[in-house]
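Both ligands and their constituent atoms are indexed starting at 1 by order of listing. No experiment lies behind these values; they were computed from the predicted model shown.
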Amino acid sequence: MPYKCQCPSQRIKTHNLKVRSMFKACDGRGTTKIFLSIIYTKIPHQICQHSQHSTPICRSGKCEIHRKCSLMSSLALTPFKAGLFVGKSIIVTGGGTGLGYAIAKELVSLGAKVVIAARRIEVLEAAASEMNKSSQRGGKIYVCQCNVRNEDDIQKLVTFALETMGGIDGLVNNAGGQFVSPVENISARGFKAVVETNLLSCFMLSKEIYNRWWSQQEDRKRSGSIVNIILANKNGFPMMAHSGAARAGVENLTKSMALEWIGRGVRVNCVAPGIIYTESGFANYGEMAGAFLSSVLPCIPAHRCGTAEEVSSLVVFLLSDAAVYITGQNMGVDGGMGQGTIPLRPQDHGASLLPVYGELPMKARL
Ligand SMILES: CCCCCCC/C=C/C(=O)SCCNC(=O)CCNC(=O)[C@H](O)C(C)(C)COP(=O)(O)OP(=O)(O)OC[C@H]1O[C@@H](n2cnc3c(N)ncnc32)[C@H](O)[C@@H]1OP(=O)(O)O
Ligand SMILES: NC(=O)C1=CN([C@@H]2O[C@H](COP(=O)(O)OP(=O)(O)OC[C@H]3O[C@@H](n4cnc5c(N)ncnc54)[C@H](OP(=O)(O)O)[C@@H]3O)[C@@H](O)[C@H]2O)C=CC1
């Protein structure tokens, strides 16, 4: 039974409790029970996925089920078993927003201790307070202000992580970014800023943790996993050439570190997202972002952007012991974008049947 949305734009997507599987995966707090009971009693409430709504809306807006539905925004979406990361300590750079936020939130919901690090402390603190609501079995978020371009800050971050968490099992080098410019207009300082943000930072932080922690673990009881977030840009990255070059550097650095450190039980992999819709990420590009989305969506075989949760689940897998035989790899999460050089056109096939894992506003789909 479709729900009529009150949103001014009327651009809504309703679906009949598709969230069931999501809540099934969100083990703990009796959440599974709540949603299964909705399904069994066939109460015709619908969840509105409109991007303007921070919480789902039900038909009456007042009932008991609506109250329970509103728990959704504070729970993490995860396919992994509860408690998988209990006793694990992980650093996520750029963990206050976008992809880093989704990764940290999923980890803490699985019982990990997580330090999120970035430049804006107020953003980190707000994120931590929200994420700690998803925490399960001792999981906790700690915040540390850090400019990953600065070596002193990197050293302080590692000291903070070791002191607060008592060790480090995983690192997600996610902080990064760039600006849009044709090659000929990028200044040397601008190029350097982007290389420092994306490549030098990854080298400095990985090395610092290796020297001060992983290389010191004589009993080998604690192994390590590093996941470097790069970009799906194997064919170059026009208008962001500095970033393409830096990320290619990270990919190769990943392979070298993987080979050098495997003897110490440290695995190093890359995750290369395609076009992932994050409010914070796209906000960096202002009005250019809308035009970019319309032109790029037809070129993505999935005909939609990815979600932060779709990236996070691969990162969490690579951090976990299930990936213990995987190192030196670069894995794409790109809706098929990296597979072809001839862009698929919208008329080649209709709307993609790929389901969405996580939330995605209509403007981020074709
Ligand atoms: C059109 C939509 C595209 C969608 C792409 C989708 C795929 C990718 C998505 C993402 O990556 S989402 C993440 C986006 N997040 C960010 O980019 C945030 C991080 N980025 C930054 O902080 C900056 O871009 C930076 C350059 C890495 C750092 O900037 P900052 O201002 O701190 O650098 P400075 O050291 O102060 O300046 C150095 C140098 O850089 C020049 N510069 C900085 N910004 C620009 C700009 N927008 N345009 C041109 N030049 C820029 C700056 O002018 C300095 O050079 P000089 O002027 O001194 O020569
Ligand atoms: N969204 C997408 O489509 C894609 C994103 N990526 C990459 O994934 C990563 C996350 O992107 P996304 O979440 O979308 O975008 P965001 O802009 O939300 O994330 C970037 C994060 O990095 C932090 N950061 C940037 N520069 C620094 C710095 N010098 N020191 C410390 N922290 C820094 C920012 O925090 P603060 O400003 O507070 O420092 C912010 O939290 C980035 O590396 C991005 O390039 C890759 C492919 C596609």
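- In terms of protein heavy-atom proximity, atom 19 (C) of ligand 1 is closest to Gly176 O, 3.7 Å.
- Checked against a 3.5 angstrom limit, the closest N/O atoms of Ala117 and ligand 2 fall outside it.
- Interface atoms of ligand 1 facing Ala193, defined by a heavy-atom separation under 4.0 Å, are 38 (C).
- Protein heavy atom at the shortest distance from atom 58 (O) of ligand 1 is Arg189 NE, 2.6 Å.
- Of the N or O atoms in Thr197, none lie within a sub-3.5 Å distance of an N or O in ligand 2.
- In terms of polar-atom proximity, defined here as any N/O pair under 3.5 Å, Ile276 does make such a contact with ligand 2.
- The nearest protein heavy atom to atom 4 (C) of ligand 1 is closer than 4.0 Å.
- In this structure, atom 57 (O) of ligand 1 lies nearest to the protein heavy atom Ser187 OG, 4.4 Å.
- Scanning the protein for heavy atoms near atom 42 (N) of ligand 1, the closest one is Phe179 CE2, 3.5 Å.
- When each atom of ligand 1 is checked for a heavy atom of Arg149 under 4.0 Å away, the hits are 28 (C), 32 (O), 33 (O), 35 (O).
- Contact annotation for Gln178 and ligand 1: heavy atoms of both the backbone and the side chain come within less than 4.0 Å of the ligand.
- Checked against the 6.0 Å centroid threshold, Tyr277 and Phe282 count as a close aromatic pair.
- Distances below 4.0 Å separate heavy atoms of Met240 from the following atoms of ligand 1: 3 (C), 5 (C).
- Every N/O-N/O distance between Leu231 and ligand 2 stays at or above 3.5 Å.
- Residue Val123 places no heavy atom under 4.0 Å from ligand 2.
- Taking atom 27 (C) of ligand 1 as the reference point, the nearest protein heavy-atom neighbour is Thr197 OG1, 3.4 Å.
- Counting only N and O atoms by type, the side chains of Arg212 and Thr159 include a donor and acceptor under 3.5 Å apart.
- Considering backbone and side-chain atoms together, Arg149 places no N or O closer than 3.5 Å to any N or O of ligand 2.
- The closest heavy-atom contact to atom 31 (C) of ligand 2, among the options Cys146, Ala232, Ala272, comes from Cys146.
- The aromatic ring centroids of Phe237 and His242 lie 6.0 Å or more from each other.
- At a heavy-atom cutoff of 4.0 Å, ligand 1 is contacted by no atom of Glu287, backbone or side chain.
- Distances between N or O atoms of Asn198 and those of ligand 2 include no value under 3.5 Å.
- Protein heavy atom nearest atom 40 (O) of ligand 1, with residue, atom name and distance: Gly190 CA, 3.2 Å.
- Within the 4.0 Å heavy-atom criterion, the part of Tyr285 lying near ligand 1 is the side chain and not the backbone.
- Judged by the shortest distance from any of its heavy atoms, Arg247 lies inside the 4.0 Å radius around the atoms of ligand 2.
- Scanning the protein for heavy atoms near atom 15 (N) of ligand 1, the closest one is Asn284 ND2, 2.9 Å.
- Inside a 4.0 Å radius of atom 45 (C) of ligand 1 there is at least one protein heavy atom.
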